[in-house]
Amino acid sequence: MITMKESKLLLEKIEEGIELANRYKQPIVVSITTAIDKQDALAFFQAFKHKTDMRTFWTEPSREFALIGVGTAMSLEAEGLSRFQEIDKRWKEMIEHAVISNEANVIGTGPTIIGGFNFDPLKEKSPIWKSFPDAKLVLPTFMITIDKDSCWLTENYLVRDTDEPKTLFQKAEAEKEKLLQASATLDENNPSSIIKEEIEPQAWIQTVEKTTEQIKKHELEKVVLAREMRLYADAPFSPEHVLNHLLNEQTTSFVFAFEYGQDCFLGATPERLAKRLNDNVFFTCLAGSIKRGKTKEEDEQLGNFLLNDQKNRYEHQLVVDMISDVACKSCTNVQIPETPTLLKTPHVQHLYTPITAKTGNASLLEIIEAMHPTPALGGYPKEIGIEKIRDIEQLDRGWYAAPIGWIDYNGNGEFAAAIRSALIQNKQASLFAGVGLVADSDPMAEYEETLIKFKPMLSALGVDNHE
């Protein structure tokens, strides 16, 4: 249940928006942000199950910041290789004349679009990704922003010159009334039986062998090869239950969900791509991984091995070099640590190098486009890696390993790489995991690494309970 101050400005702002729509002959975004009582992020997400066409969930590893959106005021979609530029251009055009009342003045409040991009628009499409186009970022009708102990509600409306102010106002108030009355009820009908299917593992291992031989012949330096696992359950998977598990288990990762209709893509990724916070930009270089140890001593031994392993350090350095190049071209005052440290998640530990910079002339989406895909997600050289993946991977990655995140009307925002993820479709779930191949990669070791990377989502989906 949400309690909030009555917005006396809404009718006035709708009238202002319709006037601008008449003047500029285009739809106008009207957005009002007000302070509300502190909300539980997952409870807010749960409250709108089966009650809206769109739900999104985003929280940082600290869990101090979260964005939860419901409903669609406006959807920005784009297809093809120009998808980043098209979304960037259209968003800037929409907010140029937007009518905004924002008492919070906090990053991630006011008009904010949230969504993602696919990995490769030239890859043959799979039917499972029908709800997820090459690019889709949505302006939610209602969005709550949680920042530490504060909470705000942003209402967004798209008004046209043909709208009648009082009619639109009454409709908006009715929608808001439903919001105020929504309550969270966690669906307890979890699957009692789950069948796990690896999609052609032997063929994947053979592809790893062939690709490694090509790398040895210097056709390219690195390529990331992903594979898929399918789960079949006797009852629908619950995004709410999965998110609850991820929030509790993956405490060092971003937890996200993008639900469009009956399809929900969700996961827990440790890999930030870039974050813009006023004049500051933060990058994460994450590549090179190994499992966690069963004891503290074993965990330290594995971590030390990773820090000193030539193959993993080489993989990691490719990522550092590429992201550093992007940062230096798009930002100023770039700071790069000399050596990596370890980032530990419950199932995997990674080599980790954070890079910081000051904003330059590039927008956040321009930076993300220049980065995607990093060598940790695609390969090196970049274009050769994408082409190789397009040719040899049996799966359509869709939004897996691609940028997901949000941008507010001031250009601030954050994007992460959609790894450690799954696509839930009623009683079926598709899981994805990838590994970086270099000249001295061992096919069976790479296969074992994918099994480790499947574990976070398998655990969250309840497979551990049925094995």
Side-chain angles (χ1 to χ4, degrees), residues 61 119 196-201 204-205 207-208 211-212 222-231 242 245-246 249-256 265-273 284-294 299 302-303 305-306 309 311-312 315-316 319 342-352 373-379 389 393-402 404 416-424 429-438 441-464 467:
F119 183 82
K196 183 171 67 173
E197 177 191 6
E198 295 188 49
I199 306 299
E200 300 188 24
W204 186 85
I205 292 171
T207 304
V208 171
T211 306
T212 304
K222 178 189 176 182
V223 66
V224 177
L225 195 61
R227 69 188 192 95
E228 183 181 354
M229 182 182 290
R230 294 274 176 93
L231 304 182
V242 176
H245 277 281
L246 293 174
E249 294 176 1
Q250 305 302 320
T251 55
T252 57
S253 295
F254 297 87
V255 173
F256 63 89
F265 180 56
L266 75 180
T269 174
E271 188 168 353
R272 169 196 285 153
L273 292 173
T284 293
C285 305
L286 205 68
S289 56
I290 200 167
K291 67 180 181 180
R292 296 296 304 271
K294 295 180 180 178
D299 198 58
L302 289 167
F305 173 82
L306 183 62
D309 179 59
K311 170 190 174 292
N312 281 289
E315 273 192 67
H316 186 76
V319 175
L342 293 174
L343 188 150
K344 295 175 182 280
T345 70
H347 297 95
V348 190
Q349 45 189 322
H350 304 270
L351 293 177
Y352 164 65
T374 72
L377 305 167
I389 291 168
E393 261 189 5
Q394 298 173 346
L395 75 155
D396 170 19
R397 293 190 181 191
W399 281 24
Y400 164 72
I404 53 169
I419 58 175
R420 312 294 143 75
S421 53
L423 176 61
I424 294 176
S430 302
L431 285 67
F432 310 93
V435 290
L437 306 181
V438 292
S441 291
D442 174 74
M444 287 310 299
E446 302 297 348
Y447 171 77
E448 293 294 333
E449 185 174 325
T450 63
L451 293 179
I452 295 169
K453 290 177 176 178
F454 278 128
K455 281 186 176 182
M457 289 310 303
L458 287 172
S459 176
L461 286 159
V463 173
D464 290 355
E467 293 189 333

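Because the structure is predicted, anything quoted here is derived from the model rather than measured.
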Apply side chain to side chain contact (heavy atoms under 4.5 Å, CB included) to Leu451 and Glu198, showing your working.
-> CA-CA 10 Å; Leu451 293 179; Glu198 295 188 49; 4.2 Å; yes
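- Of the options Leu431, Leu231, Val463, Ile424, a side-chain contact (heavy atoms from CB on, under 4.5 Å) to Met457 is made by Leu431 and by none of the others.
- Here the closest heavy-atom approach between residue His316 and residue Ala287 is recorded as ND1-O, 3.0 Å.
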Criterion side chain to side chain contact (heavy atoms under 4.5 Å, CB included) on Met229 and Glu197, from CA distance to verdict = CA-CA 6 Å; Met229 182 182 290; Glu197 177 191 6; over 6 Å; no
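- Leu273 contributes atom CG, which lies 9.0 Å from atom CD1 of Ile404 (distance to the nearest 0.5 angstrom).
- If you check the side chains of Tyr352 and Glu271, you find no donor sitting under 3.5 Å from an acceptor.
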So Val208 and Met444, side chain to side chain contact (heavy atoms under 4.5 Å, CB included) or not? Walk me through it.
-> CA-CA 9 Å; Val208 171; Met444 287 310 299; over 6 Å; no
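- In the model, Glu249 has a side-chain atom that pairs as donor or acceptor with a side-chain atom of Ser459 under 3.5 Å.
- No option in Val223, Val224, Thr207 other than Val223 meets the side-chain contact (heavy atoms from CB on, under 4.5 Å) test with Leu437.
- Ionic pairing of Arg230 and Glu228 is present here: one or more N-O contacts between side-chain nitrogen and carboxylate oxygen are shorter than 4.0 angstrom.
- The minimum heavy-atom distance linking Ser289 with Glu449 is given by the pair OG-OE2, 2.8 Å.
- Under the 30°/60° scheme for interplanar angles, the aromatic rings of Phe265 and Trp399 are found to stand perpendicular.
- Between Leu266 and Val242, the closest side-chain pair of non-hydrogen atoms falls below 4.5 Å.
- Going from atom OG of Ser430 over to atom OH of Tyr400 covers 13.0 Å, rounded to the nearest 0.5 Å.
- The shortest side-chain heavy-atom distance between Asp396 and Phe119 does not fall under the 4.5 Å cut-off.
- The closest donor-acceptor contact from the side chain of Glu393 to the backbone of Ala226 lies under 3.5 Å.
- Residues passing the side chain to side chain donor-acceptor pair (under 3.5 Å) test with Asp299 are Arg292, Lys344, Gln349, sequence neighbours excluded.
- Side chain to side chain, Arg227 and Thr450 meet the donor-acceptor criterion of an N or O pair below 3.5 Å.
- Nearest heavy atoms, Leu246 versus Ala460: CD2-CB, 3.6 Å.
- Closest heavy-atom contact between Ala422 and Leu461: CB-CD1, 4.3 Å.
- Distance alone, capped at 3.5 Å, places no donor-acceptor pair between the Ser253 side chain and the Val255 backbone.
- Within the model, atoms OG1 of Thr211 and CD of Glu446 stand 11.0 Å from one another, a figure rounded to the nearest 0.5 Å.
- Within the 4.5 Å cutoff, side-chain heavy atoms of Trp204 are placed close to those of Tyr447.
- Atom CG of Leu286 and atom OG1 of Thr269 lie 7.5 Å apart (nearest 0.5 Å).
- Partners of Phe254 under the ring pair (Phe, Tyr, Trp, His ring centres under 6.0 Å) rule, at least two apart in sequence or in another chain, are Trp58.
- His347 places none of its side-chain heavy atoms less than 4.5 Å from the side chain of Lys291.
- When all heavy atoms of Pro270 and His350 are compared, the pair lying nearest together is CG-NE2, 4.1 Å.
- A donor-acceptor pair under 3.5 Å is formed between the side chain of Lys222 and the backbone N or O of Pro375.
- The CG atom of Leu306 lies 9.5 Å from the NZ atom of Lys311; values are rounded to the nearest 0.5 Å.
- Counting only heavy atoms from C-beta outward, the side chains of Ile419 and Leu377 approach each other to under 4.5 Å.
- To the nearest 0.5 Å, atoms NZ (Lys453) and CZ (Arg420) are separated by 5.5 Å.
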